[in-house]
Amino acid sequence: MRKVLAVDIDDVLAGSTDAIRKIANNKTGHNLTLEHYKVSGPYWGYYEHVMISNGIKSKATHQEVIDEWTQTHHISEPITGAIDALKVLSDRYKIILITARDPKIREDTEEWLQKHFSGMYDDLHVIGNFKVVDKPKTKGEICKQIGASWLIDDNPEHCMTAMAHGIDTILFGEYGWHFDAPEHLERCRNWQEVLEYFDGR
Ligand SMILES: [Mg+2]
């Protein structure tokens, strides 16, 4: 039986931060670059943090940016290397996608996945997060429930909840919210490194 590999969507398969960056620029006339999103800050509230430190201080604008993003997920580009890597990995593992997106946007999410990752995953869990769901399950709990051996996620918190259930995790990417992430987390900066991690396993 194929082992289960759980994979996050935002900033792992989908270039969500980049989409948010573009929306923020369009809305405010600023020209925030990728480098502006490489500063240290906590995961929750990270985009607000970047906007505030670059002079975009209006809470209403922050909300508009996030709202526009939730309504326009289809504009996100796949992360570099994600499609090729998931093709390879889905031959060897059962791929189950787990996202903390709002369950209300499940359909949009599925549409986007079908467009870019069709046939490369076995199931999708849209679990929500504390902002949109009362007491959402943790990714660790879902990983345990589905019998995952690994979780690939850019959010250190999700990696930690999975590790608490004995699941191996990979902190994916090089994001601003990784600066203060626990040192002991296994990290892969990109999909090439993920493939190398799974090589020979
Ligand atoms: Mg994510």
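Both ligands and their constituent atoms are indexed starting at 1 by order of listing. Not measured: the values here are computed from a predicted model. Along the sequence shown, the residues carry numbers beginning at 1.
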For this session: State whether a side-chain donor-acceptor pair under 3.5 Å links Asp180 with Ser40.
Result: yes
Problem set entry | Side-chain donor-acceptor pair present, Trp177, Asp154, cut-off under 3.5 Å | yes
Problem set entry | CZ/Arg189: more than 12 non-hydrogen atoms of other groups inside 6.0 Å | no
So, of the N/O/S atoms that [X] has, which is the nearest one to the Mg ion (ligand 1)?
| X | result |
| --- | --- |
| Asp8 | OD2 |
| Asp154 | OD1 |
| Asp10 | O |

Exercise. Quick one: do Lys27 and Glu68 make a salt bridge, cutoff under 4.0 Å?
Worked result: yes
Exercise. So, is Asp11 placed with an N/O/S atom under 2.8 Å from the Mg ion (ligand 1), counting both backbone and side chain?
Worked result: no
